[in-house]
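Note that the structure is predicted; figures quoted are calculated from it, not measured. Both backbone and side-chain heavy atoms feed into the values below; hydrogens, waters and symmetry mates do not.
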Amino acid sequence: MHEEDKIVYKRQLDCYCILSSRRVNMKMRQMWVWMLLMALAFVNERCHCCLEEERISLLEIKAWFSHATAGLSILPLSKGWDKEHFNCCNWGRVVCDSTTNRVIELHLSGVNFFPFEDLDLNASLFLPFKELEILHLSDNRLDGVLENQGFQVLASGLRKLEELDLSDNKFNDSILSSLSGFSTLKSLHLSNNRFTGTIGFHELASGLRELQELELSDNKFNDSILSSLGGFSTLKSLHLSKNKFTGSIGLNESLGALPSLKSLYATGSKFKGIHSGKGLCNSTSLEEMFLDYSSLPTSFLRNIGPLSTLKVLSLTRADFHGTGPAQGPQNFTKLEELFLDRASPMTASFLLNIGPFPALRILSLESCMLNGTLPHQGWCELTNLEQLFLSGNKLTGLLPPCLGNLSFLQFLDLSDNQLEGNIAFSHLSHLTQLEYLSVSNNYFQVPISFGSFMNHSNLKFIACDNNELISAPSFQPSATKFQLRFFSASNCTSKPLKAGFPNFLHSQYDLMFVDLSHNKFIGQPFPSWLVENNRMLNRLYLRDTSITGPLQLPQHPTPNLRTVDISDNNIHGQIARNTCLIFPRLKNFLMANNNLTGCIPPFGNMSSLAYLDVSNNHMSCELLEHNLPTGGSSLWFLKLSNNNFKGRLPPFVFNMTHLCYLFLDGNKFVGQVSGTFSLASSLRLVDISNNLLSGTLPRGIGNSSIFLQGIDLSRNHFEGTIPKELFRCYLLEFLDLSENNLSGSLPLGFQTPYLRYVHLYRNRLSGPLPNAFYNSSHLVTLDLGNNNLTGPIPNWIDRLSKLSILLLKSNQFNRELPVQVCLLRKLSILDLSENNFSGPLPLCLSNLNFTASGEKTLVVTDTVSEDDGSQKEILASIGGRKLGNRGFHIDSKTMWPEIDVKIAVELTAKKNFYTYEGDILRYMSAMDLSCNRFTGEIPTEWGNLSDIFALNLSQNNLTGLIPSSFSNLKYVESLDLSHNNLNGRIPAQLVELNFLAVFNVSYNNLSGRTPEMKYQFATFDESSHKGNPLLCGPPLQNSCDKTESPSARLPNNSNGDDGLIDMDSFYASFGVFYIIVVLTIAAVLCINPHWRRRWFYFIEECIDTCYCFLAINFRKLSRFKRSVNMKMRQMWVWMLLMALFFVNERCHCCLEEERISLLEIKAWFYHAGAPVSYQLQVEDLYLNASLFLPFKELEILALGANQLVGGLKNQGFQVQASGLRHLKELYLGDNKLNDNVLSSLSGFSTLKSLDLSNNRFTGTIDLKGFQVLASGLRNLEDLSLHYNKLNDNILSCLGGFSSLKSLDLSNNMFTGSTGLNGLRKLETLTLYWTAFKESILIESLGALPCLEEVFLDYSSLPASFLRSIEPLSTLKVLSLAGVDFNSTLPAQGNSTNEQL
């Protein structure tokens, strides 16, 4: 290498080294810079943390609250508040100063959220916060302070505190003086505590010299503190609402001593003095006064007239008391806002005398009961008025011309009055500054062109609903100067209008809300132009507007449209497939009651869709997953009812995340529902009725949705039993399984305490009415008609206190009606027809009210969907901030999903069925007891059922008269008494029943003349009276005899002849019958010689016997025998026979002692209010044994169903047992006896049968009583203990009944944990309705050598039961109807019992 090259190379190497070194140095410097920045950041973080002392105090405050709430304090839910978060300035509820990092604000309101105990303030916890300016401790249930740790200590430490909030606690007057130490306070809140002001208030006022805001509302302060208010010399805002001020003293002078007071709040006060308010004039600075919900003298507004500084006066819902209406205010020169909404009493003259207010901008007189016409003076002089609200009154007549003087008026609300006239001819057209106009719910005539408002360039809001739209004049302006945001004109045409949609809408481009529903326009297509022109349109309501043709959507997407309602029109064709693209953010889509066809377009991507209703159309297809929103959609209401959708039920529909209400009824869905079928947890109502579904009911329905309130599976082809899971939906209110093929018994163990509507009619259900309904106290409707149910109506029926409709028609119920039915005070429809009920008609049914009830037809849910989105924008465009401050809101068109309970009540009359359903059921009342076996007379008291609409007693065995009291049934429309054995006349008073449309007394034994053919009776034909041979008069063909007997001509005071049949006919028929009987006997004796000889032998023997008797006792008669011929002897014999019969009758009378005792027993029952008739018992009974002691030979005593609760002192069952030595059967069922009487029954040693069913025995209070009872009744063969609350403890005591052959333990609380031992002679064991959890009792049955019959119907048994009873070789009858084998395995069979 040359020397020059070496030099060049060396220079290059030096340059490279220098550059490399510089690069290394640069990287090193960058690394150091990053390290320094990290260190600075760490140091900065440490420097900007709160003080450690304050952080520790905050953690101690948290522990203080947690102790009172047992760890449930709301503080842990706030950000921070633990040791891991070092900087407490970043904790929730804590604000620090940005410079010093000292805590300056603590917002601890509502921390004691779940209080287990009240709190006493510990001031030491807050002393470290030296710079604290704001402290909020409201709503923490503070009720005092710790000793030496009160507000005095706190005030000494918090020298910079400016705002203290102690509201919503339990403080009292004892802390008031201690608060005076907070000399720096500017705001103090003491509302909603327990202050009275009796002590400490004067010290408080003297100490807080800088206070500007004082909140004392919701306490018990009275006028005594008002004199102390002057101490708050710097006060600007004073809240005295909801105390006990009367304004009698102190208020006037106190306000005069508050030179800085600007706002006074005294709502809910009761100012009694007639001069109340005059002293307010002493205030020189008061600008706002709020006396809402207060009681004021009528002169109040006059009294405060000189208050020249007042700008805002609010007297909403004020009650002016005095001799006249409230007097109009005057001389308020600076008053800008006056609110008198719902104040009373007021008249339209108030507007006449309101006086000039040069500064008044807002006048609100809503719902003040103003009536009459608007005056032409007074209020019209308020020339600077900008907002006028007169809605909700009773104003009438035309609008006065002086209304045009209010040239600055921007907001005018005249809605909900009775004003009239043509809007076009009123002076509203002069109000060119109008922005808001509401005239809804009046009698105005509104031209559809709105031509009189064409020049109102500021108009944004028009509401004219429920008026009358009229056709526009021939000349219409081509364009309008206004651009509306809101236009509502619904329900404005009572007859078809020869016009289409308002023409001026074509020139509107800023509309957000349009409602033209319920108007009869000429048939026009869907106004897609309206949507195209108004890109901000949010809500469009065109329900029932005569839209025709296919649904033509706009060409371009409208992303702001949220609601479209085009229901009740004549739209046909299919819904466009691009609907989801044109309306991408649609929330509510209602198209019900049209003629739509085809299928639902693919809505799968419309995640915002919440409410979809296409019911009552002609749509037909098989629903697929892409047709409806799925996954994360917002859909909560889906109604596809009454279409032709087919195929299987789409499972994806039932699993939508937010779906609450699903209606698929009235379609053609087919197939079986899978056994694993389940519902989304959000579903509340499912209706798949009136389809073609089959198979068994899915059990998964009841176990899935925890919020399920209604299930309707009616009118399908389901079969099998009703799964008990359906009655485990805790919130279930509505269940309809009617018109299927369900069989078996009703399930046990209802867990639905809120169940209100049950419809199971027209199935094949069997068995008795289960006790599962026992706790369904909210039940309103129970419809079990057209089944095969058996047994009586249970006595617990009166527990269904809210029951309004009870339908048990066409079953096999039997026995007498229990009096507990009479306790169903809300019952309005009772249908027990076509059963086997017997006995007399309960008199107490006359106590039923048959009142109207809306609960019978409707269930209103609590989920709503509001059309939010445009309200704030509309209000903002028309000065909505001012309107928003006064609570103004736009009608939100809330969606209320309603469940219409379709109950059909069929009443038979004139061979027709009259069906009542829907809203008419609110007022419908009926009682149908036809086609049963009732006997006896119709109670006269039933005439008290004055509000009943239909009464049917036909096809029974009723006797007696038709009660004349039926004339009191003023509203009855159908009265059917046919096919009975009623007699007497038809009461003439029945012609007074002006609403009677159906009357039938055919096929009875009625007699006499029919009622006069007038009023409603003139409409009844011969079929109403036929089948009564002795009934005459029109409309029958039988004419009454012109020469009626005097008895027939008697005045008809009650029922004509007092119920007796025609006496002439009676005498004639009796004579004929007597002659026939005598001739028949004579003919028989003549024809049959054997009988004739026996007859004469009998007569001769009787004569001889009588003669011997007389001869022995009266010897003189021996000569008489020879002197009297045979005929005379026979005459005397007959007379003596009659005498002997009389003596024999007297000899067989009961003992006088026993007769008197029976009368005393009757008086005993009557004293308790329970005579032998079916009246309700007023009070419980205590046994008086002395009444029964005279019956020494008594063998059977039945005292059931008498509400016996025990025995009188020294007159109980012990005394009774000592006197009744021959008693064999004792019935004490259906009473209220308890364990206390058991041992006393042991004295009946001769008893063979004892019935203690349906009482209150438990066996827990006096277990020894069962042992004593068993030891005493050694001869007992039959023992009934069913329907009590006995448990396994008593089973071991039953072995003492060594002679027992029959034992009934049904419907108790046995679990099977103890066996039956010692009953060697037991032949029959009954244990209905028993839930066996253990098998010891079942296994013990094998040790009973004589057991032949076991009845365990409707019980819960282990699957191994049949195997367990194999040792019972003597068993002949085993009944397990309705049994639930509680196991996952099927029941195991019994293969060894040959005698069964």
### Message
Just so I know, are the side chains of S488 and Y541 near enough to count as touching, which here means a heavy-atom distance under 4.5 Å?
### Response
no
#### Entry: Chi angles and distances behind the side-chain hydrogen bond (donor to acceptor under 3.5 Å, both in side chains) call for E739, S689
CA-CA 10 Å; E739 298 188 63; S689 63; over 6 Å; no
### Pair S364-D341, side-chain hydrogen bond (donor to acceptor under 3.5 Å, both in side chains): steps then yes or no
CA-CA 6 Å; S364 184; D341 303 326; 2.4 Å; yes
### Query
Going by the angle between their ring planes, with limits at 30° and 60°, are F486 and F513 parallel, tilted or perpendicular?
parallel
### 4.5 Å side-chain heavy-atom contact, I711 and L732
yes
### Message
Looking at D613 and S615, would you say the former's side chain and the latter's main chain have a donor-acceptor pair under 3.5 Å?
### Response
yes
### Query
So, for K520 and S546, which heavy atoms are closest and what is the spacing to 0.1 Å?
CA-OG, 4.0 Å
### Query
For F453 and L437, what are the C-alpha separation, side-chain angles and deciding distance, and is it a side chain to side chain contact (heavy atoms under 4.5 Å, CB included)?
CA-CA 11 Å; F453 299 101; L437 175 63; 3.7 Å; yes
#### Entry: Rounded distance (nearest 0.5 Å) linking atom CG of L497 with atom OG1 of T545
12.5 Å
### Query
Does D413 reach the main-chain N or O of S391 with its side chain, forming a donor-acceptor pair under 3.5 Å?
no
### S567 backbone acceptor or donor facing N593 side chain under 3.5 Å
no
#### Entry: Considering all heavy atoms, the nearest Q483-D510 contact
CB-OD2, 3.5 Å
### Query
Ion pair present between E733 and R756, side-chain N to carboxylate O less than 4.0 angstrom?
yes
### Query
Does the N569 side chain pair with the main chain of I566, one donor and one acceptor, at a distance under 3.5 Å?
yes
### 4.5 Å side-chain heavy-atom contact, L459 and L484
yes
#### Entry: Closest contact, heavy atoms only, N417 versus L390
ND2-O, 3.0 Å
### Message
Between N534 and V531 (side chain of the first, backbone of the second, donor and acceptor by atom type, cut-off under 3.5 Å), is there such a pair?
### Response
no
### Query
Is L708 close to L731 at the side-chain level, that is, under 4.5 Å between some pair of heavy atoms?
no
### Query
Are any non-hydrogen side-chain atoms of D544 and S517 less than 4.5 angstrom apart?
no
### Query
Measuring from N690:CG to D712:CG, what's the distance to the nearest 0.5 Å?
9.5 Å
### Message
Let's go through N570 and N595 carefully: what are the C-alpha distance in whole Å and the side-chain angles of both, what is the deciding distance for side-chain hydrogen bond (donor to acceptor under 3.5 Å, both in side chains) to 0.1 Å, and is it a yes or a no?
### Response
CA-CA 6 Å; N570 193 26; N595 293 313; 2.5 Å; yes
### Task
State, yes or no, whether a side-chain contact exists between L638 and L628 at a heavy-atom distance under 4.5 Å.
yes
### Query
Would you say the side-chain atoms of S608 pair up with the backbone N or O of L586, donor to acceptor, closer than 3.5 Å?
yes
#### Entry: Any side-chain heavy-atom pair of K646 and S620 under 4.5 Å
yes
### Message
One pair to check against side chain to side chain contact (heavy atoms under 4.5 Å, CB included): F521 and I547. What are the steps and the verdict?
### Response
CA-CA 8 Å; F521 300 119; I547 297 176; over 6 Å; no
### Query
Considering the options F461, F501, F450, which one meets the ring-ring contact (aromatic ring centres under 6.0 Å, His included) requirement together with F487?
F450
#### Entry: Euclidean distance, L414 CG relative to L388 CG, rounded to 0.5 Å
6.5 Å
### Task
Please state whether the rings of F411 and Y436 are parallel, tilted or perpendicular, taking 30° and 60° as the class boundaries.
tilted
### Task
For N594 and N617, run side-chain hydrogen bond (donor to acceptor under 3.5 Å, both in side chains): C-alpha distance rounded to whole Å, both residues' side-chain angles, the deciding distance at 0.1 Å, then the answer.
CA-CA 5 Å; N594 281 285; N617 282 285; 4.7 Å; no
### Summary
Here the gap from N616 atom CG to N642 atom CG, rounded to the nearest 0.5 Å, amounts to 4.5 Å
### Task
Could you tell me whether a side-chain N or O of D568 sits under 3.5 Å from a main-chain N or O of R543, the two making a donor and an acceptor?
no
#### Entry: For Q709 against Y661, the heavy-atom pair lying closest together
OE1-OH, 4.4 Å
### Task
Provide the closest heavy-atom pair for L635 versus M656 in the form atom of the first, atom of the second, distance.
CD2-SD, 3.8 Å
### Query
Would you say T432 and S457 make side-chain contact, with heavy atoms under 4.5 Å?
no
### Task
For N533 and L530, indicate whether the former's side chain and the latter's backbone hold a donor-acceptor pair under 3.5 Å.
no
### Message
Please tell me whether C492 and C464 are bridged, where bridged means their SG atoms are separated by under 2.5 Å.
### Response
no
Expected list for residues 662-669: side-chain donor-acceptor pairs under 3.5 angstrom, two or more places apart:
{"residue": "D665", "atom": "OD1", "partner": "S641", "partner atom": "OG", "Å": "2.5"}
{"residue": "N667", "atom": "OD1", "partner": "N643", "partner atom": "N", "Å": "3.2"}
{"residue": "N667", "atom": "OD1", "partner": "N644", "partner atom": "N", "Å": "3.4"}
{"residue": "N667", "atom": "OD1", "partner": "F645", "partner atom": "N", "Å": "3.1"}
{"residue": "N667", "atom": "ND2", "partner": "L640", "partner atom": "O", "Å": "3.1"}
{"residue": "N667", "atom": "ND2", "partner": "L664", "partner atom": "O", "Å": "3.1"}
{"residue": "N667", "atom": "ND2", "partner": "D665", "partner atom": "O", "Å": "3.2"}

### Query
Looking only at heavy atoms, what is the nearest atom pair of I423 and L428, with distance?
CD1-CD1, 3.8 Å
### Query
So how far is it from R577 CZ to F603 CZ, rounded to the nearest 0.5 Å?
11.0 Å
### Message
Under a 3.5 Å distance rule, please check whether R684 uses its side chain to pair with a backbone N or O of G710 as donor and acceptor.
### Response
no
### Task
Say whether, by atom type as modelled, one donor and one acceptor occur between the side chain of N716 and the main chain of F718 under 3.5 angstrom.
no
### Query
Going by atom types alone, do D416 and N441 pair a side-chain donor with an acceptor below 3.5 Å?
yes
### Task
Please say which of N467, N466, D465 ends up in a side chain to side chain donor-acceptor pair (under 3.5 Å) with N491.
N466
### Task
Mind checking the CG-NZ spacing from N538 to K587? Nearest 0.5 Å is all I need.
9.5 Å
